[in-house]
K.L.:
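I have a structure here, written as structure tokens, and I will follow up with some questions on it.
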Amino acid sequence: MTAITLPRPARLARFAVPLRDTVALVAAVAGPLAAAGLMVQFRTQVASANLALVFVVVVVAVAANGHRGAGALAALSSAVWFDFFLTRPYERFTISGGDDITTAVLLLAVGFAVSQLAARARRLKVVAVTDAGHLARLHGTAQLARRTGSADTVVDHVRTELTDVLGLDGCRFEYGTLLGHPPQLGQDGEVTTARGRWSLERRGWPQGETELRVFGNGRYYGRFMLRPGHTGVVPLQARLVAVTLADQAGAALADVGTGAGAES
């Protein structure tokens with residue numbers, strides 16, 4: 001049997017991490033460490049609870065400019081360096097004071113929470129700066145969902161909007177059970193495959209169809225199957241609008257029930 005070897009660039013591309021994500025992960029570790037180093041000189045003069053607030057600022061900065069994973073890592077890093085540098089006994093991974101233990105636990109919990117909120121705010125900000133055409137799509141879909149009594153009507157409308165906003169050759173909706181493992185357009189506007197994250201900007205759409213899953217009130221209803229066109233990859237803003245349109249379809253399905261799907 002002849003072995004098949006992927007070309008070197010293709011193998012490397014599977015594991016490539018966007019530069020922004022790499023910087024965010026580095027900042028998630030180095031940022032809290034640097035902040036702790038600067039605060040060491042104040043640890044005997046300022047209450048540890050007040051020093052912990054500085055770490056929260058660092059976590060927000062990392063999450064707002066990176067992603068949820070980086071924000072969560074920054075929260076964990078903050079709790080570790082707070083323990084090591086700013087609680088007694090100093091420069092040991094132990095805490096002797098009950099108040100300091102409480103502060104460390106709260107720092108970790110608050111850090112995780114604000115990292116998620118900051119990352120979500122970043123996503124919403126990206127959607128907010130899209131052009132008037134995108135906003136009109138979202139508004140029109142929301143209006144249709146409010147006045148119609150048919151889930152199929154909303155699904156068909158969103159299918160048409162997705163075809164337009166993503167420059168697709170076609171789009172169909174599948175109700176029910178997931179079949180196969182096609183590439184997936186996620187909530188962050190990025191595509192993942194069975195092999196990991198797929199760089200749309202560098203590699204274009206994957207071959208075949210890409211799925212965009214639809215949920216309503218936490219329940220899975222189906223997926224839009226996207227058939228890419230030949231107009232190239234659309235910007236992240238447009239892909240986030242597409243995700244939001246799918247969310248609106250999910251909300252309509254949750255409100256008025258399901259019906260038969262449609263295909264272009």
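Please read these numbers as outputs of a predicted model, since none were measured by experiment.
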K.L.:
Find the distance between CG (Leu73) and CZ (Phe112) and round it off to the nearest 0.5 Å.
P.N.:
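That separation rounds to 8.5 Å.
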K.L.:
CG of Asp99: more than 12 outside heavy atoms within 6.0 angstrom?
P.N.:
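For Asp99, atom CG is not crowded (no more than 12 foreign heavy atoms under 6.0 Å).
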K.L.:
Could you grab the distance from atom OG1 of Thr94 to atom CZ of Arg88, nearest 0.5 Å is fine?
P.N.:
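If we round to the nearest 0.5 Å, Thr94:OG1 and Arg88:CZ are 12.5 Å apart.
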K.L.:
Rounded to the nearest 0.5 Å, how far apart are CG of Leu179 and CE of Met225?
P.N.:
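So the CG of Leu179 and the CE of Met225 are separated by 9.0 Å.
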K.L.:
Would you find a donor on one side and an acceptor on the other, under 3.5 Å apart, between the side chain of Asp188 and the backbone of Glu190?
P.N.:
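Judged by distance alone, yes, a pair lies under 3.5 Å.
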K.L.:
Which heavy-atom pair separates Pro32 from Ala74 by the least distance, and what is that distance?
P.N.:
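Closest pair (atom of Pro32, atom of Ala74, distance): CG-O, 3.7 Å.
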K.L.:
Side chain to side chain contact (heavy atoms under 4.5 Å, CB included) with Glu211: which of Glu174, His181, Arg223?
P.N.:
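Answer to the side chain to side chain contact (heavy atoms under 4.5 Å, CB included) test with Glu211 among Glu174, His181, Arg223: Arg223.
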K.L.:
To the nearest 0.5 Å, what is the distance between CG on Leu51 and CG on Leu38?
P.N.:
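That separation rounds to 11.5 Å.
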K.L.:
Are Leu86 and Phe42 co-members of a hydrophobic cluster defined by side-chain heavy atoms under 4.5 Å apart?
P.N.:
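Result: yes, single cluster for both.
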K.L.:
May I ask you to decide if Val234's main-chain N or O and Arg239's side chain share a donor-acceptor pair within less than 3.5 Å?
P.N.:
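Looks like yes, one N/O pair under 3.5 Å.
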K.L.:
Looking only at heavy atoms, which two atoms of Ala242 and Leu212 are closest? And how far apart?
P.N.:
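Reported closest heavy-atom pair: O-CD2, 3.7 Å.
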K.L.:
Should Val243 and Val158 be counted in the same cluster of Ile, Leu, Val, Met, Phe, Trp and Tyr side chains packed under 4.5 Å apart?
P.N.:
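Hydrophobic grouping puts Val243 with Val158.
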K.L.:
Are Leu162 and Phe173 close enough that some pair of their side-chain heavy atoms sits under 4.5 Å apart?
P.N.:
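They are not in side-chain contact.
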K.L.:
Ignoring hydrogens, what is the shortest heavy-atom contact between Phe215 and Arg213? Give both atom names and the distance.
P.N.:
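Residues Phe215 and Arg213, closest heavy atoms: CE1-CB, 3.7 Å.
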K.L.:
I'd like to know if Val40 and Val54 are part of one continuous hydrophobic network [Ile/Leu/Val/Met/Phe/Trp/Tyr, side-chain heavy atoms within less than 4.5 Å].
P.N.:
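Same hydrophobic cluster.
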K.L.:
Tell me, with the steps shown, if His157 and Thr160 meet side-chain contact (heavy atoms from CB on, under 4.5 Å).
P.N.:
CA-CA 5 Å; His157 174 80; Thr160 301; 5.8 Å; no
K.L.:
So which heavy atom on Pro206 is nearest to which on Leu200, and how close?
P.N.:
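Nearest heavy atoms, Pro206 then Leu200: CD-CD2, 4.2 Å.
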K.L.:
Nearest heavy-atom pair of Val154 and Ala252: which atoms, and what distance?
P.N.:
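That would be CG1-CB, 3.7 Å.
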K.L.:
Surrounding CD of Gln45 (heavy atoms of other residues, nucleotides or ligands, distance under 6.0 Å), is the total greater than 12?
P.N.:
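Atom CD in Gln45 is packed in, count exceeds 12.
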K.L.:
So do the side chains of Gln187 and Asp247 get within less than 4.5 Å of each other, counting heavy atoms only?
P.N.:
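Contact flag for Gln187/Asp247 side chains = yes.
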K.L.:
Answer yes or no: is there a donor N or O on one side and an acceptor on the other, between the side chain of Gln248 and the main chain of Leu138, under 3.5 Å?
P.N.:
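Flag set: sc Gln248 to bb Leu138 pair under 3.5 Å.
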K.L.:
Parallel, tilted or perpendicular, judged at 30° and 60°: which one describes the rings of Trp81 and Phe84?
P.N.:
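Ring orientation, 0 to 90° scale: perpendicular.
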K.L.:
Distance check, rounded to the nearest 0.5 Å: Phe224 atom CZ versus Thr210 atom OG1?
P.N.:
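Phe224 CZ to Thr210 OG1: 14.5 Å, rounded to 0.5 Å.
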K.L.:
Rounded to the nearest 0.5 Å, how far does CE of Met39 lie from OG of Ser48?
P.N.:
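The OG atom of Ser48 sits 10.5 Å away from the CE atom of Met39.
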K.L.:
For the residue pair Phe55 and Phe82, does the interplanar ring angle fall in the parallel (under 30°), tilted (30 to 60°) or perpendicular (over 60°) class?
P.N.:
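Plane angle over 60°, so perpendicular.
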K.L.:
Is there a donor-acceptor pair closer than 3.5 Å between any side-chain N or O of Arg43 and the backbone N or O of Phe85?
P.N.:
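Here the side-chain-to-backbone pair exists.
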K.L.:
Is there a chain of hydrophobic side chains (I, L, V, M, F, W, Y, each step under 4.5 Å between heavy atoms) that links Leu33 to Leu107?
P.N.:
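Yes, same cluster.
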K.L.:
Are Leu108 and Ile95 linked, directly or through intermediate hydrophobic residues, by side-chain heavy-atom contacts shorter than 4.5 Å (ILVMFWY only)?
P.N.:
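Cluster IDs for Ile95 and Leu108 differ.
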K.L.:
I need the minimum non-hydrogen distance between Pro183 and Val191, along with the two atoms involved.
P.N.:
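Scanning both residues completely, I find the closest heavy atoms to be CB-CG1, 4.1 Å.
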